[in-house]
Amino acid sequence: MKFIIFVIDRKDNTADGNEMAAIDAFNDSLVAGGHWIHAAGIDGGANGIVIDNRADAGLSSNGSLFKEAEHYSGFWLIQADDAETAKRLAFEGSKACNRRVELRPYLGN
């Protein structure tokens, strides 16, 4: 089963200096455990563009769909045998990046 772990961030949330080392160690543990698929950081919602081209509408607006103070700042795409394993890994990822995370089943290939 595949899962995605979204990292939840805020503009005013600053790194403590040790997070990248902890994230690297977590990434290494995902690889060693056979859970690693992909991970990346993503830019804040202010740099997003919402596009709606249903029925050739040609609409776009700058910024995120979500106007909240929080935004996704990265993600891990993981492989896990079951939802409990994915949840355990999400707890480890949250600790490593010092952020809240959101875990969801990944429905793609």
Side-chain angles (χ1 to χ4, degrees):
M1 301 172 67
K2 294 178 183 171
F3 296 86
I4 191 163
I5 303 169
F6 291 103
V7 177
I8 302 168
D9 214 335
R10 299 177 62 95
K11 279 185 174 181
D12 61 357
N13 195 15
T14 56
D16 68 7
N18 297 317
E19 291 167 6
M20 284 313 300
I23 291 168
D24 288 343
F26 176 63
N27 290 345
D28 291 344
S29 74
L30 289 175
V31 172
H35 302 292
W36 176 269
I37 297 175
H38 184 75
I42 56 176
D43 208 346
N47 295 316
I49 300 171
V50 176
I51 296 171
D52 184 355
N53 201 34
R54 296 174 291 178
D56 294 319
L59 301 174
S60 68
S61 59
N62 291 331
S64 175
L65 170 66
F66 305 104
K67 304 301 181 198
E68 315 254 336
E70 295 178 313
H71 61 276
Y72 293 141
S73 63
F75 67 91
W76 286 279
L77 183 57
I78 63 167
Q79 177 74 38
D81 291 336
D82 53 52
E84 278 304 309
T85 301
K87 186 175 178 181
R88 177 182 56 79
L89 293 169
F91 269 91
E92 292 175 17
S94 173
K95 183 176 180 179
C97 70
N98 195 31
R99 306 284 190 278
R100 293 188 314 139
V101 300
E102 180 180 343
L103 175 67
R104 294 188 197 179
Y106 183 78
L107 304 177
N109 292 328

(message) For R54 versus D52, what's the shortest heavy-atom pair and its separation?
(response) NH2-OD2, 2.6 Å
(message) To the nearest 0.5 Å, what is the distance between SG on C97 and CD1 on I8?
(response) 9.5 Å
(message) Does any part of the side chain of D9, heavy atoms only, come nearer than 4.5 Å to the side chain of E70, both counted from C-beta?
(response) no
(request) For R100, look at atom CZ and say whether over 12 heavy atoms of other residues, nucleotides or ligands are found less than 6.0 Å away. (result) no
(request) Could you tell me whether Y72 and F6 have their ring centroids closer than 6.0 angstrom? (result) yes
(message) Can you tell me how far apart CD1 (I4) and NE2 (H38) are? Round to the nearest 0.5 Å.
(response) 9.0 Å
(request) For residues A80 and A86, report the shortest heavy-atom separation together with the two atoms involved. (result) CB-N, 3.9 Å
(request) Please report the closest heavy-atom contact between G34 and Q79, naming both atoms and the distance. (result) O-CB, 4.1 Å
(request) With rounding to the nearest 0.5 Å, note down the distance linking CG in N47 to CD1 in I42. (result) 11.0 Å
(request) Report the hydrophobic cluster partners of M20, with the cluster defined as I, L, V, M, F, W, Y residues connected by side-chain heavy atoms closer than 4.5 angstrom, directly or transitively. (result) M1, F3, I5, V7, I23, F26, L30, V31, W36, W76, I78, L89, V101, L103
(request) Please report the shortest heavy-atom distance between G63 and V50, naming the atom on each side. (result) O-CG2, 3.4 Å
(request) Answer yes when R88 and E84 have at least one side-chain N-carboxylate O distance shorter than 4.0 Å, and no when they do not. (result) no
(request) Could you tell me the separation between the CD atom of E92 and the OG atom of S29, rounded to the nearest 0.5 Å? (result) 6.0 Å
(request) Please report the shortest heavy-atom distance between R99 and S94, naming the atom on each side. (result) O-OG, 2.7 Å
